[in-house]
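See structure below.
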Amino acid sequence: MSQAVGNTALAYARLWHQVDATDRVLGKLAERIALVLMGKHKPIYDPGVDCGDYVVVTNCTKVKVTGRKPEQFMYRKHTINPKRCIIRHAVSGMLPKNKLRDRRMERLRIFPGNEMGVLELNILRSWEDGTLPSPWNPQRLAETKPRILPKGFEYKEALI
């Protein structure tokens with residue numbers, strides 16, 4: 001008789017989360033993105049292991065910056081949209097300063113509009129209200145994106 005001891009490969013599987021940044025406060029948005037990039041929302045979280053998920057941010061040009069930050073700070077990078085640079089800088093500041101930081105930042109994708117190209121097919125969870133997503137039903141995903149589940153698959157509550 002064999003039993004799997006410890007965390008399995010399924011526990012370390014990376015999901016793709018989509019966040020709409022329209023009218024969201026920059027600091028709170030960056031904090032939640034950093035939590036998902038680190039993997040703190042998973043029960044297997046370990047500070048020394050990179051077990052976080054991918055995050056795709058859309059509508060980054062509509063993010064809100066509070067206070068006098070628009071006048072005080074100027075984030076410039078000539079190859080990137082300024083708001084995209086602001087979100088990347090804020091998330092980078094929320095992550096721990098260690099060797100895993102660059103690897104986690106590579107999993108952050110930021111887009112100025114709704115269009116995210118071919119990455120849209122990878123999205124499994126979306127945040128509408130800014131909170132981390134609740135347990136999800138893959139059957140609803142199969143109706144909109146038929147490539148997720150095979151034909152004839154029925155979702156049963158006991159599987160999760």
Side-chain angles (χ1 to χ4, degrees), residues 7 9-138 140-145 147-148 160:
N7 297 322
L10 186 59
Y12 286 103
R14 298 190 194 279
L15 292 177
W16 287 72
H17 300 263
Q18 189 260 335
V19 183
D20 186 10
T22 304
D23 296 330
R24 300 279 302 281
V25 178
L26 176 64
K28 293 179 181 181
L29 177 68
E31 176 193 4
R32 299 225 170 86
I33 291 172
L35 288 176
V36 173
L37 289 174
M38 287 188 284
K40 280 194 167 186
H41 64 291
K42 294 183 176 183
I44 59 160
Y45 172 71
D46 182 27
V49 178
D50 191 16
C51 60
D53 293 339
Y54 290 90
V55 177
V56 177
V57 180
T58 55
N59 294 321
C60 74
T61 55
K62 299 176 185 174
V63 70
K64 285 199 307 191
V65 182
T66 58
R68 292 179 37 200
K69 291 183 198 89
E71 299 100 34
Q72 290 177 346
F73 298 111
M74 180 183 283
Y75 298 103
R76 279 192 287 181
K77 186 145 184 165
H78 297 289
T79 59
I80 298 180
N81 184 332
K83 293 279 186 166
R84 194 182 308 183
C85 189
I86 289 173
I87 292 175
R88 187 168 296 280
H89 182 77
V91 171
S92 177
M94 300 276 179
L95 290 173
K97 283 66 174 174
N98 57 20
K99 292 181 180 180
L100 297 175
R101 183 185 205 181
D102 292 335
R103 195 180 312 168
R104 289 171 175 155
M105 287 300 293
E106 288 174 3
R107 290 197 307 271
L108 175 64
R109 312 293 165 90
I110 304 173
F111 296 98
N114 277 332
E115 295 297 319
M116 57 188 108
V118 83
L119 294 179
E120 187 173 1
L121 298 174
N122 295 331
I123 303 297
L124 288 180
R125 296 186 180 186
S126 292
W127 308 350
E128 286 83 17
D129 59 352
T131 60
L132 291 177
S134 61
W136 55 285
N137 181 349
R140 280 186 270 139
L141 268 170
E143 294 167 2
T144 59
K145 297 179 183 178
R147 69 172 200 80
I148 300 290
I160 293 183

Pairs of donor and acceptor atoms involving the side chains of residues 47-60, under 3.5 Å and at least two apart or interchain, shall be tabulated with distances.
{"from": "D50", "atom 1": "OD1", "to": "R107", "atom 2": "NH1", "distance (Å)": "3.3"}
{"from": "D50", "atom 1": "OD1", "to": "R107", "atom 2": "NH2", "distance (Å)": "3.0"}
{"from": "D50", "atom 1": "OD2", "to": "R107", "atom 2": "NH1", "distance (Å)": "2.8"}
{"from": "D53", "atom 1": "OD1", "to": "L15", "atom 2": "N", "distance (Å)": "3.2"}
{"from": "D53", "atom 1": "OD1", "to": "K42", "atom 2": "NZ", "distance (Å)": "2.9"}
{"from": "D53", "atom 1": "OD2", "to": "H17", "atom 2": "NE2", "distance (Å)": "2.9"}
{"from": "D53", "atom 1": "OD2", "to": "H41", "atom 2": "NE2", "distance (Å)": "2.9"}
{"from": "T58", "atom 1": "OG1", "to": "Q18", "atom 2": "NE2", "distance (Å)": "2.8"}
{"from": "T58", "atom 1": "OG1", "to": "V19", "atom 2": "O", "distance (Å)": "3.3"}
{"from": "N59", "atom 1": "ND2", "to": "D20", "atom 2": "OD1", "distance (Å)": "2.7"}
{"from": "N59", "atom 1": "ND2", "to": "T22", "atom 2": "OG1", "distance (Å)": "3.3"}
{"from": "N59", "atom 1": "ND2", "to": "N114", "atom 2": "OD1", "distance (Å)": "2.9"}

Is there side-chain contact between R109 and M116, with heavy atoms separated by less than 4.5 Å? no
For the atom pair CG (L35) and CG (L95), what is the distance rounded to the nearest 0.5 Å? 9.5 Å
Measuring only between side-chain heavy atoms, which start at C-beta, is S92 closer than 4.5 Å to M105? yes
Do you know the tightest heavy-atom contact between L29 and A21? CD2-CB, 3.8 Å
Output the distance between atom CD1 (I87) and atom CD1 (I33), rounded to the nearest 0.5 Å. 6.5 Å
With rounding to the nearest 0.5 angstrom, report the CG to CG distance, L100 to L37. 12.0 Å
With heavy-atom distances below 4.5 Å as the criterion, would you say the side chains of R24 and K64 are in contact? no
Hey, what do you get for CD (E106) to CZ (R101), rounding to the nearest 0.5 Å? 13.5 Å
Heavy-atom distance under 4.5 Å between the side chains of L26 and T66, does that happen here? no
Greater than 12 external heavy atoms within 6.0 Å of R103's CZ: no
Are there over 12 heavy-atom neighbours, none belonging to K97, within less than 6.0 Å of that residue's NZ? yes
